[in-house]
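Please read all numbers here as calculations on a predicted model, not as lab measurements.
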Amino acid sequence: METMRAIAPEPRPATSETLATYYGTLLQHFGPQHWWPARTRLEVIVGAILTQNTSWRNVEVAVARLRRAGLLQHRALLNAPLSRLESCIRPAGYYRQKARTLKAFASFFEDQFGGSFHRLFHLPMGECRARLLSIKGFGPETADSVLLYAGKFPIFVVDAYTRRILSRHGLVPPDADYATTQAMVHQHLKPETKVYNEFHALLVETGKTYCRPQQPRCSSCPLRPFLPVAGPVLVAGSLANSPAWALAAEEAE
DNA sequence: TTCCAGTTGA
DNA sequence: TCAACGGGAA
């Protein structure tokens, strides 16, 4: 390809109006997403672990195999041989790590809460989060997914899709970490479980369909009207003040 | 064959 | 900060 230098979008201050507009636009475009797609709270947690760095399609296969094996109960996860868990969840990838994480959660849940979701989620949100993060294999996204989708706490889940979309739109810096990104959303979107649930799900759909890592489909994206003007983009030696860099990249395909 | 997506441990 | 962890889809 010719010389082409894409500049990060002009950073814009995120406002409550901006976030509300993004949320409303995506909801209008995609409709309610009805997350989390699971039958029980334990199944939400199992799914949250299995979907780490993995597409949901593969997780569904693994969850179905666990269900068929009668392993969608924390006691069953506790008692089953590790190798049995591994073979069930193989389609979800990272199966050795994740089998251990499933075990780790099951012990945590039994030992500290007697297998009671009521007791686990009766804790204050911050305390519950800290306890979940103490489980080996639980990072911030997994913990927050459990808090939001199983515990119904008003906490926003940040993932790769969220960061990609928000940074391409200049609402967070390209290198914004998990906490920074989450704090921005918490600051500008009302702390309601239903809103955080839906917004995260809508961002995932947007990330998969339009805001892809390579060759983003900006021209048909519902958020296209809100893309910031990019910095100067150098294309084939000429300096042009173009629309947002992502659009420029798309047109350059 | 490359690409994608979280967490750990060094 | 970065390799390792694994599979399925593009």
Side-chain angles (χ1 to χ4, degrees), chain A residues 1 6 33 35-38 43-66 68-69 71 77 82-109 128-150 155-168 172-183 185 196 199-218 220-221 246 249-250 253:
Chain A
M1 179 182 306
Q33 298 298 295
W35 275 30
W36 183 290
E43 199 177 310
V44 172
I45 294 165
V46 168
I49 293 166
L50 295 183
T51 201
Q52 292 171 355
N53 252 39
T54 301
S55 75
W56 185 250
R57 171 173 297 279
N58 299 336
V59 174
E60 285 180 319
V61 177
V63 169
R65 289 162 63 115
L66 286 172
R68 192 170 183 77
L71 292 174
L77 290 175
L82 191 60
S83 59
R84 186 155 158 72
L85 292 189
E86 290 177 349
S87 64
C88 283
I89 68 173
R90 198 142 199 244
Y94 302 93
Y95 61 90
R96 279 188 271 256
Q97 263 182 204
K98 290 173 179 177
R100 283 178 164 73
T101 304
L102 289 174
K103 284 275 191 190
F105 174 79
S107 333
F108 160 89
F109 190 42
C128 194
R129 187 174 199 266
R131 301 277 281 269
L132 290 170
L133 286 173
S134 75
I135 302 169
K136 188 180 289 189
F138 271 59
E141 182 178 342
T142 308
D144 290 344
S145 295
V146 169
L147 290 170
L148 176 65
Y149 290 106
I155 189 164
F156 181 74
V157 178
V158 173
D159 65 0
Y161 299 116
T162 305
R163 287 158 143 156
R164 191 160 67 228
I165 296 164
L166 296 182
S167 65
R168 282 176 174 174
V172 297
D175 56 351
D177 64 14
Y178 189 98
T180 303
T181 308
Q182 184 179 52
V185 175
Y196 288 166
F199 194 41
H200 173 72
L202 290 165
L203 287 171
V204 169
E205 198 52 40
T206 305
K208 289 197 295 192
T209 309
Y210 300 104
C211 206
R212 308 183 303 174
Q214 309 290 333
Q215 300 154 35
R217 297 168 173 167
C218 299
S220 51
C221 180
E250 184 178 1
E253 289 303 325

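With sequence neighbours left out, the side-chain contact (heavy atoms from CB on, under 4.5 Å) criterion links A/Ala104 to A/Ile135. Under the ring-ring contact (aromatic ring centres under 6.0 Å, His included) criterion, A/Phe199 pairs with A/Tyr23, A/Phe156, sequence neighbours left out. For A/Thr162, the side chain to side chain donor-acceptor pair (under 3.5 Å) partners two or more places apart in sequence, or in a different chain, are A/Asp159. Residues passing the ring-ring contact (aromatic ring centres under 6.0 Å, His included) test with A/Tyr95, sequence neighbours excluded: none. In this structure A/Ala62 satisfies the side-chain contact (heavy atoms from CB on, under 4.5 Å) test together with A/Leu50, A/Ile89, A/Ala92, sequence neighbours excluded. With sequence neighbours excluded, the residues forming a side-chain contact (heavy atoms from CB on, under 4.5 Å) with A/Cys128 are A/Leu120, A/Phe121, A/Leu123, A/Leu132, A/Leu147, A/Phe153, listed by chain and number. Residues satisfying the side-chain contact (heavy atoms from CB on, under 4.5 Å) criterion with A/Thr101, sequence neighbours excluded, are A/Ile49, A/Phe138.
Ring geometry for A/Phe108 versus A/Phe105: interplanar angle of 30 to 60°, hence tilted.
At the heavy-atom level, A/Tyr95 lies under 4.0 Å from the strands shown only through sugar-phosphate atoms. Counting any heavy atom pair closer than 4.0 Å across all strands shown, A/Lys136 reaches sugar-phosphate atoms only and no base atom. At the heavy-atom level, A/Arg212 lies nowhere under 4.0 Å from the strands shown.
Among pairs with a residue in residues 52-62 of chain A, none fulfils salt bridge (charged side-chain N to carboxylate O under 4.0 Å, His left out), at least two apart in sequence or across chains.
In the 5' to 3' direction, nucleotides of DNA chain B lying under 4.0 Å from heavy atoms of chain A begin and end at B/dC4 to B/dG9. From the 5' end on, the contacts that DNA chain C makes with chain A at under 4.0 Å to a non-hydrogen atom open and close at C/dC5 to C/dA9.
Between the side chain of A/Ser87 and the main chain of A/Arg84, a donor-acceptor pair closer than 3.5 Å is present.
Each of A/Asn58 and A/Gln97 has a nearest nucleotide on DNA chain C; the 5'-most of these lies closest to A/Gln97. For the pair A/Asn53 and A/Gly137, both in contact range of DNA chain B, the more 5′-proximal nearest nucleotide belongs to A/Asn53. Between A/Lys98 and A/Arg57, the residue anchored closer to the 5' end of DNA chain C is A/Lys98, taking for each the nucleotide with the nearest heavy atom.
If you check residues 138-146 of chain A against DNA chain B, the residues with a heavy atom closer than 4.0 Å are A/Phe138, A/Gly139, A/Pro140, A/Glu141, A/Thr142, listed by number.
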Atom pairs and distances, donor-acceptor, side-chain atoms in residues 172-179 of chain A, under 3.5 Å, two or more places apart:
residue  : atom : partner  : partner atom : Å
A/Asp177 : OD1  : A/Ala179 : N            : 3.4
A/Asp177 : OD1  : A/Thr180 : N            : 2.8
A/Asp177 : OD1  : A/Thr180 : OG1          : 2.6
A/Tyr178 : OH   : A/Pro140 : O            : 3.4
A/Tyr178 : OH   : A/Asp144 : OD2          : 2.7
A/Tyr178 : OH   : A/Val158 : N            : 3.3

